[in-house]
Number of protein chains: 2
Amino acid sequence: MRTASVKDVADRAGVSVGTVSNVLNNPDRVAERTRERVQSAIADLGFVRNDAARQLRAGHSRTIGLVVLDAANPFYAALARGAEEEATRHNFSLLLASSLQDADREHRYIDLFEEQRVQGLLLSPVGETAARVADLAGHGVSTVLVDRDAEAETYGSVSVDDVHGGRIAVEHLLETGRRRIAFVAAETELRQVADRWRGARDAVAQEPSAGASIELVEAHSLTTLGGRAATLSLLEREPADIPDAIFCANDLLATGALQAFIMDGRYRVPDDVALVGYDDIEFASSAIVPLTTIRRPAEELGRTAVRMLLGDTASEHTVFRPELIARASTGSR
Amino acid sequence: MRTASVKDVADRAGVSVGTVSNVLNNPDRVAERTRERVQSAIADLGFVRNDAARQLRAGHSRTIGLVVLDAANPFYAALARGAEEEATRHNFSLLLASSLQDADREHRYIDLFEEQRVQGLLLSPVGETAARVADLAGHGVSTVLVDRDAEAETYGSVSVDDVHGGRIAVEHLLETGRRRIAFVAAETELRQVADRWRGARDAVAQEPSAGASIELVEAHSLTTLGGRAATLSLLEREPADIPDAIFCANDLLATGALQAFIMDGRYRVPDDVALVGYDDIEFASSAIVPLTTIRRPAEELGRTAVRMLLGDTASEHTVFRPELIARASTGSR
DNA sequence: TCGTAGCAATGAAACGATTCAAAGCTGAGA
DNA sequence: TCTCAGCTTTGAATCGTTTCATTGCTACGA
């Protein structure tokens with residue numbers, strides 16, 4: 001037994017297919033009695049609209065494609081949730097894929113989405129994608145890059161001002177009286193990390209009394225274990241050389257740093273050392289010492305990207321300002 | 001300018017549309033020179049297959065729908081990743097949606113997926129869905145429930161034996177010499193939590209020397225803060241009444257319990273108290289005291305569900321055994 | 001030279017929903 | 001009774017791909 005089509009519904013209700021289509025899409029154009037007859041035929045046959053036929057006729061789908069680096073990463077998970085929410089509000093659905101930082105996978109997904117004639121594409125790109133994205137624009141697929149700023153005019157972008165984020169983190173430390181600051185980071189060649197480092201140095205440079213200093217401490221990775229190891233080695237210094245504040249490139253590093261202080265036992269957070277993280281992951285507020293951090297508005301990024309795509313602003317460049325969330329780890333309360 | 005169709009490609013290459021289609025789908029049926037001509041026409045025009053037309057003709061899509069309770073939850077994120085991976089291996093793509101525990105949202109997504117003529121549906125259901133799923137089966141959409149066991153024959157299921165999980169957690173504690181066990185949990189009416197509790201009691205009941213006991217300690221929620229608060233109140237007891245082992249219904253609770261012990265400072269993990277979590281989230285291995293836990297094979301669940309759907313076993317019921325991951329928090333170094 | 005096997009290429013039909021110009025109907029007013 | 005406006009309904013054409021029965025062609029053996 002095949003699934004029912006509009007034709008079957010039309011036959012059973014004794015009307016034409018055009019009328020059935022109108023019941024589905026323009027109910028007010030159909031007389032009430034007819035509409036009821038058609039609707040009960042639909043129910044009887046268990047008719048379900050065939051979206052493929054619909055799309056074929058329409059020439060495009062009500063779908064948006066989103067390719068992120070890793071959907072399991074909480075930041076991108078939140079971004080995807082925001083995008084999904086906004087898409088649903090506009091009666092669109094969201095197709096989600098993870099490139100896992102693999103350019104091949106990324107290309108495969110882009111191709112797939114193009115075959116599906118998605119309305120638009122949200123992309124957190126692995127490497128250089130300018131050419132590919134220009135291609136897409138040529139085919140009429142508008143694209144918005146997420147978590148990456150861009151200058152091109154063929155596509156838009158939403159990103160976070162990480163220079164600003166680094167600056168407000170360190171400004172906060174300076175304001176609360178800290179003077180010897182360490183920036184703990186890994187993968188410093190990543191644009192995100194490099195920008196935070198730059199903002200941090202800017203803040204120190206602009207400190208009026210000029211009594212502050214900042215140094216870079218490299219961890220082996222952007223993880224809890226990386227932060228713990230880097231901090232433990234920092235703690236081997238002479239007491240006089242121990243910083244009075246640590247700014248970590250993300251919350252995982254900061255969590256590891258906090259563990260290191262607890263394991264070592266000699267210095268207390270925030271009394272002896274202040275600690276600032278970055279991202280405001282869920283865990284930051286429930287750490288042993290709740291973590292002061294810089295929040296990136298992940299859901300908002302997703303929502304905005306979708307709005308840009310569906311609105312007529314798909315070639316603008318929106319930059320979000322991250323926000324300081326002051327908690328106990330810098331003694332603020 | 002419209003996007004190119006097979007017709008346009010055929011015209012430019014000087015062949016018929018049937019031949020173009022064969023180049024795309026059965027290249028070996030086409031003579032080499034013709035194939036090359038068609039391929040360069042495809043490249044010249046930037047032709048991209050229209051998936052909607054393809055699906056319409058085929059009668060079904062190469063897509064699988066997955067509706068989970070919350071895609072941002074690490075467990076479901078991992079499950080989705082496993083499903084996605086397996087789907088890709090079979091040249092299918094995965095459509096992911098979160099019901100956010102809302103039955104309405106769940107239904108909307110199921111309808112949407114049905115309109116898209118998905119090949120099959122993976123569902124981690126909110127409430128009672130037997131009727132709806134039977135409906136789907138009637139329309140020829142096979143369904144596999146995930147993280148939920150079922151008895152019905154119209155659909156399959158993949159789930160985890162949480163009774164077993166509770167049992168091996170407590171058996172491990174008993175084997176390492178612990179005798180007074182607390183089970184810290186919240187939302188005890190959830191099937192998953194109730195099963196773990198049952199397994200835990202079974203293990204105590206079967207302890208040969210009969211010298212062991214277990215009690216339920218309720219937390220306000222299945223979170224880090226819940227675990228911390230519940231453990232802190234436990235620590236207000238007389239020293240003689242403090243358990244020598246705590247089994248938490250998930251890793252977040254266990255993380256909170258660990259924080260409580262560190263904040264309190266009187267008892268050490270694992271020397272004075274052993275600690276076991278559940279799920280093996282990423283954070284478990286990088287806690288201050290690495291956490292012994294029960295791993296649920298989330299990715300494997302996803303992979304298996306997809307395999308069942310695409311194979312001919314879409315009405316079986318697969319139950320996975322969770323696995324003990326022994327780490328420092330139970331003294332197993 | 002004829003017949004034929006076998007490979008290549010053809011192109012009309014089909015999938016199912018939507019669109020839109022045209023036709024049908026009803027009732028009010030002349 | 002006739003006309004016309006306004007509301008309903010009709011149904012052929014369309015979207016782009018795949019399928020498959022048919023046709024065209026080549027080369028080989030008789």
Side-chain angles (χ1 to χ4, degrees), chain A residues 1-39 41-42 45-63 112 114-119 139-140, chain B residues 1-39 41-42 45-63 91 111-112 114-119 139-140:
Chain A
M1 172 209 137
R2 233 179 58 278
T3 86
S5 73
V6 275
K7 181 80 175 24
D8 302 320
V9 174
D11 288 351
R12 174 173 256 257
V15 298
S16 74
V17 292
T19 300
V20 175
S21 176
N22 276 331
V23 169
L24 294 170
N25 303 296
N26 309 90
D28 45 319
R29 282 194 209 154
V30 180
E32 187 170 341
R33 289 205 36 197
T34 317
R35 199 191 316 146
E36 281 165 7
R37 232 173 41 250
V38 171
Q39 256 148 3
I42 287 176
L45 296 173
F47 167 78
V48 175
R49 235 214 224 88
N50 184 322
D51 198 50
R54 211 175 180 209
Q55 280 187 36
L56 175 57
R57 184 67 237 256
H60 58 85
S61 70
R62 293 191 73 78
T63 302
L112 196 68
E114 205 181 347
E115 289 191 1
Q116 310 223 17
R117 296 289 189 275
V118 294
Q119 188 82 13
H139 289 57
Chain B
M1 172 206 137
R2 233 180 58 277
T3 88
S5 73
V6 276
K7 180 83 178 22
D8 303 320
V9 173
D11 288 352
R12 175 173 256 257
V15 298
S16 72
V17 292
T19 300
V20 176
S21 175
N22 276 331
V23 168
L24 294 170
N25 303 297
N26 310 90
D28 45 320
R29 281 194 209 153
V30 180
E32 189 171 340
R33 291 205 35 198
T34 316
R35 199 191 314 147
E36 280 165 7
R37 234 175 36 253
V38 171
Q39 256 147 3
I42 288 176
L45 296 172
F47 167 78
V48 175
R49 237 212 223 87
N50 183 322
D51 198 51
R54 212 178 179 205
Q55 279 187 37
L56 174 58
R57 184 65 237 255
H60 59 85
S61 71
R62 293 191 72 78
T63 302
N91 270 310
D111 289 348
L112 195 68
E114 205 182 346
E115 288 192 1
Q116 309 224 17
R117 296 289 188 276
V118 294
Q119 187 82 11
H139 289 55

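So you know, we letter chains A, B, ... as the sequences are listed, proteins then strands, and number each from 1. Fair warning: this is a prediction, and the values are worked out from it, not measured in the lab.
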Discussion item. Side chain of R57(B) only, heavy atoms from C-beta on: which candidate in dT10(D), dT19(C), dA14(C) is closest?
Written reply: dA14(C)
Item to complete: Hey, which sits more toward the 5' end of DNA chain C by its nearest nucleotide, V15(B) or A58(B)?
Response: V15(B)
Worksheet entry | Length of the CG-P vector between D51(B) and dT17(D), whole Å | 10 Å
Worksheet entry | Out of dT18(D), dT10(C), dT19(C), whichever nucleotide has its closest atom nearest the side chain of S21(A) | dT19(C)
Practice prompt. Provide, to the nearest angstrom, the distance between the CZ atom belonging to R29(A) and the C1' atom belonging to dC7(D).
Written response: 12 Å
Item to complete: Determine: side-chain N/O of T19(A) to OP1/OP2 of dT10(D), distance under 4.0 Å, yes or no.
Response: yes
Practice prompt. Take atom CG of D11(A) and atom C1' of dG11(D), then tell me their distance rounded to the nearest Å.
Written response: 13 Å
Worksheet item: Within the structure shown, what part of the strands sits under 4.0 Å from N25(B) by heavy-atom distance: base, sugar-phosphate, or nothing?
Response: sugar-phosphate
Discussion item. Nearest whole Å is fine: how far is dC7(C) C1' from E32(B) CD?
Written reply: 15 Å
Practice prompt. Figure out the NZ/C1' separation between K7(B) and dT14(D), and round it to whole Å.
Written response: 14 Å
Worksheet entry | R37(A) side chain reached by V15(A) side chain, heavy atoms, under 4.5 Å | yes
Discussion item. Donor-acceptor pair, distance only, cut-off 3.5 Å: does the side chain of N50(A) make one with the backbone of A52(A)?
Written reply: yes
Discussion item. Among dG16(C), dT18(D), dT8(D), which nucleotide has an atom closest to any side-chain atom of A31(A)?
Written reply: dT8(D)
Worksheet item: Between D11(B) and K7(B), is the closest basic N to carboxylate O distance under 4.0 Å?
Response: yes
Discussion item. As a test of reading the structure: which of dG16(D), dT17(D), dA17(C) is closest to the side chain of F47(A), going by heavy atoms?
Written reply: dA17(C)
Worksheet item: Between R62(B) and N91(B), is there a donor-acceptor pair closer than 3.5 Å when you use the side chain of the first and the backbone of the second?
Response: yes
Worksheet item: Reckon R33(A) has a side-chain N or O less than 4.0 Å from the OP1 or OP2 of dT8(D)?
Response: no
Worksheet item: How would you label the contact of G18(A) with the nucleic acid (heavy atoms, under 4.0 Å): base, sugar-phosphate, or nothing?
Response: base
Worksheet item: So, is R54(A) near the phosphate of dT18(C), with a side-chain N or O under 4.0 Å from OP1 or OP2?
Response: yes
Item to complete: Side chain of V17(A) only, please: which of dA12(D), dT18(D), dA17(C) is the nearest?
Response: dA12(D)
Worksheet item: Between dG16(C), dG11(C), dT18(C), which one does the side chain of S5(A) approach most closely?
Response: dG16(C)
Worksheet item: Between N50(A) and T34(B), which has a closest nucleotide on DNA chain C that is more 5'?
Response: T34(B)
